[in-house]
Amino acid sequence: MRRFFVQFGQFSGAFLALLFLLEIPIQWNYKTQNADMADWQKLEGINADIVFIGNSRTWHSLDADTASQKTGHNIYALAQDGWQVRLLNQKLKTYLKQNRQPEFFFIQADPAFLGTRTNWYSKSNFLKYLFLDREGLQDLMKAYEGYHWWDWSIPTIRYAGLPGRYIIDATGSNMGIHRRHGTLPESAGVQERLPAIPMDVWKCSVRSTAWIDSLKGQCPSSKIILWHPPISQALSEKRDITAITSYSIEHNVPLFDLGKASLADSMFKDNTHVNKFGSIWTTDTVVAFIQELNALQQP
Amino acid sequence: MLFNSPDFLLFLPIVFGLYWFVTQRNLKGQNLLLLVASYVFYGWWDWRFLGLIALSTIVDFLVGIRIEEAPDKARKKRWLWVSLAVNLGILGYFKYANFFIENWISAWQSLGVTMHASTLQVILPVGISFYTFQTLSYSIDIYRGNLKATRDPVAFGAFVSFFPQLVAGPIERATNLLPQITAPRKFTYEQGRDGMRLILWGMFKKVVVADSCAPYVDMCFDNPEAFSGSTLILGAILFSFQIYGDFSGYSDIAIGTAKLFGFELMTNFKFPYFSRDIAEFWRRWHISLSTWFRDYLYIPLGGSRVSKPKAIRNVFVIFLVSGFWHGANWTFIAWGGIHALLFIPLFLRGTNRKNTTSIVAQGKWLPSPRELLQMGLTFTVVTIAWVFFRADTLPQALQFIHTIPSTQSQTFPTTKLYAIIPAVAYMALTEFKHRKSDTIRLSNFTAGFLCAIIVGFQLEINDSPESFIYFQF
């Protein structure tokens, strides 16, 4: 027995050492090379006047840098692709610990963000952001299909089932995210008319509006605005946001609805995400809306 | 719980530690631990179906004692029927009910009678065909007087549910496994080392060979008309290696795991693709099932010691039932039928036992041209039969075969073939080197190399880990 254990210990020790060795470039790249990633983790000192919270639809639609320049306000997009409200709700808590409450707080109000389906995103969506987790997001991740306890417990093993990904992260390939003020969406390329999020109907349930209360509750002194980024015409035919409009009326919260704008297909990357042209239009529309809000705010 | 999951990576050392360090002086404690661990292992998949294993265990435990105590053959037989009815009833309901309902409706509809019947919403419990056959063999062996009924319910429970081979075999005989369970076990270095090496080799076959072949094979079978003949031929060949890597890999891990607990399970595969005819293939492929059918079906039917027509009937019966055992689908029956048709000519010529004592390239480094031709031919017909095994329906299998010569271009999609082909070649060469023995012996260097390859494939080649194909049977 002793001989068996000594030999097995040596062998498995060498094996674990190999896994740790493979982990080194990953850790190093995430912590030092990828400034965008690090920026996303650094929420302190932003103190934005206006915060937009949402998922990739907010992230793609709003060029927060441009909007900041045009309005003269500090606008921040607390948005993340591959995430839904369950995770952003947690991220907002961290943001508010390090920053003052915004004057205006825009909440993305659509089924893509407020829905909590667990099968929309795979591990690859979350991997890069959770790696330097500081907010206990791993616990929230457990609800999602594809999450395994070993992803964060055994070094390197988290890359199993994501062919090619280890090489990308180990070699420090840039993720191309401009995190500080959102992102400049990709340029208009070939129109991929594929639904980015597999949805038969674009419908919000009444239950999902409870998340709005949760987000709102964290910013009691902010003026809340619900906003619905644009969707393609094909998807708008399946749209049913009665629960959102009812919420807006019942709670006297304005709804800034760009989902009903009939934008041409040439402004979309796919059914749920605008491309560069769609982003320019959305950002300009948002800027105009904010300027209108400012006008209302002035005594 | 999958052998290739980190859950098992945690489960195995815990059970191993408790087994050898906490309960090692107490045989009953060890057996109880095995029983509990086996139920946890199975319940990890779906705890609701533990009741089926428990039912099968209780029935056969009691029936075994009744058969032994019955004063005459007639009463023994009656009790045996109870075991057969319960086990085959469970199997029939969970595995074959929908098949029979659907075919019953189709048969009437073909006669112009419209029937309205809905199929049952039955989930197929993992490994049901394996453990029901294992318990059945226990009752039959007692009935035949080959085995004494055990009075130890814990030992019997551990025998039925022994986790290393519970869900995909080898289908152990009570005559082999039960005496090992009721006797004290001792850990030996050699057994532990061999066990670990077999586990590693099984993981290599599963993760590196089978799982990397799977996407290519799925691509070909999902949409055969979209690909060239050469792509489909390669798809069929890769399926031959996928199913071998998957199933024999599972068996290796099962046998290796059992060794860690001091048990010796029967060999389930003896390098079947080095067979020189179809009869030799069947002596080397899924040995625990083919010998089960031989002992409990073929020989009771009269085997080959009856008139020629009856003997041919018996061959057909055993192959068709073997096919049907794999699943409730005509494709499996067709697969069994093809093997029967391939076997019958050897049987009629009396050459089906020609290659029983020798191995390929006996005493030589390489096979002779004649042996190569024989091996190639056997592999080809086995691969064609696998098309029926893999296809979802008979028309799909026929379409797959029909598409091969009908397309002109000879191209191969580049999907990871750079990794798949060397992996398959390495497996084939290693097994060819070890063809004289029943098992693979690996040096520490090779073991380390295999570990690195497994990690590399998991990280960079394979998509999500695949379940074992034979779980569905």
Side-chain angles (χ1 to χ4, degrees), chain A residues 1-27 29 118-119 121-128 131 138 142 144-171 173, chain B residues 2 4-13 16-17 19-21 24 185-197 199-200 203 207 211-212 214-215 259-260 262 415-416 418-419 442-466:
Chain A
M1 184 72 92
R2 186 185 168 81
R3 192 175 160 205
F4 174 80
F5 271 107
V6 168
Q7 225 177 60
F8 180 69
Q10 287 170 346
F11 195 81
S12 48
F15 181 68
L16 271 176
L18 170 75
L19 295 185
F20 275 106
L21 278 173
L22 287 170
E23 187 86 4
I24 290 170
I26 304 280
Q27 294 283 355
N29 280 322
T118 57
N119 57 354
Y121 305 112
S122 63
K123 189 166 65 178
S124 62
N125 289 108
F126 301 99
L127 200 59
K128 54 192 174 186
F131 205 96
Q138 287 170 31
K142 285 174 187 167
Y144 284 82
E145 282 178 22
Y147 176 88
H148 303 111
W149 62 266
W150 60 78
D151 289 341
W152 277 269
S153 312
I154 309 174
T156 315
I157 291 297
R158 70 180 70 85
Y159 288 96
L162 300 172
R165 185 60 189 276
Y166 172 81
I167 299 285
I168 290 169
D169 285 2
T171 52
S173 304
Chain B
L2 290 173
N4 55 336
S5 73
D7 294 333
F8 186 70
L9 201 68
L10 201 66
F11 171 85
L12 184 61
F16 182 86
Y19 185 84
W20 289 115
F21 297 110
Q24 87 279 19
R185 274 87 65 179
K186 193 169 175 272
F187 184 88
T188 64
Y189 166 76
E190 288 73 20
Q191 206 177 24
R193 179 201 59 199
D194 291 349
M196 290 305 295
R197 287 175 179 177
I199 291 172
L200 191 59
M203 288 295 282
V207 173
D211 286 359
S212 65
K259 277 179 187 288
L260 294 180
T415 320
K416 295 169 185 171
Y418 60 87
L442 308 170
S443 66
N444 283 346
F445 176 80
T446 311
F449 171 72
L450 290 180
C451 272
I453 295 291
I454 290 169
V455 170
F457 266 69
Q458 282 287 52
L459 295 186
E460 290 301 316
I461 304 293
N462 294 343
D463 297 330
S464 53
E466 301 266 344

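Below, chain A is the first sequence line, B the second, and so on; all start at residue 1.
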Would you call the rings of B/Phe16 and A/Phe4 parallel, tilted or perpendicular, where under 30° means parallel and over 60° means perpendicular?
tilted
The single option from A/Arg2, A/Arg3, A/Met1 that satisfies side chain to side chain contact (heavy atoms under 4.5 Å, CB included) with B/Tyr189 is A/Arg3
Under 4.5 Å heavy-atom distance to chain A, tell me which part of B/Ile454 shows up: side chain, backbone, both or neither.
neither
Kindly indicate, with the supporting measurements, whether the criterion side-chain contact (heavy atoms from CB on, under 4.5 Å) is fulfilled by B/Val455 and A/Phe15.
CA-CA 10 Å; B/Val455 170; A/Phe15 181 68; 3.3 Å; yes
Scanning both residues in full, the closest heavy-atom pair of B/Arg197 with B/Asn444 reads NH2-OD1, 3.0 Å
Using heavy-atom distances under 4.5 Å, tell me whether A/Tyr166 contacts chain B through its side chain, its backbone, both, or neither.
both
Can you tell me which of B/Ala452, B/Gly192, B/Gly448 forms the most heavy-atom pairs within a distance under 4.5 Å of chain A?
B/Gly192
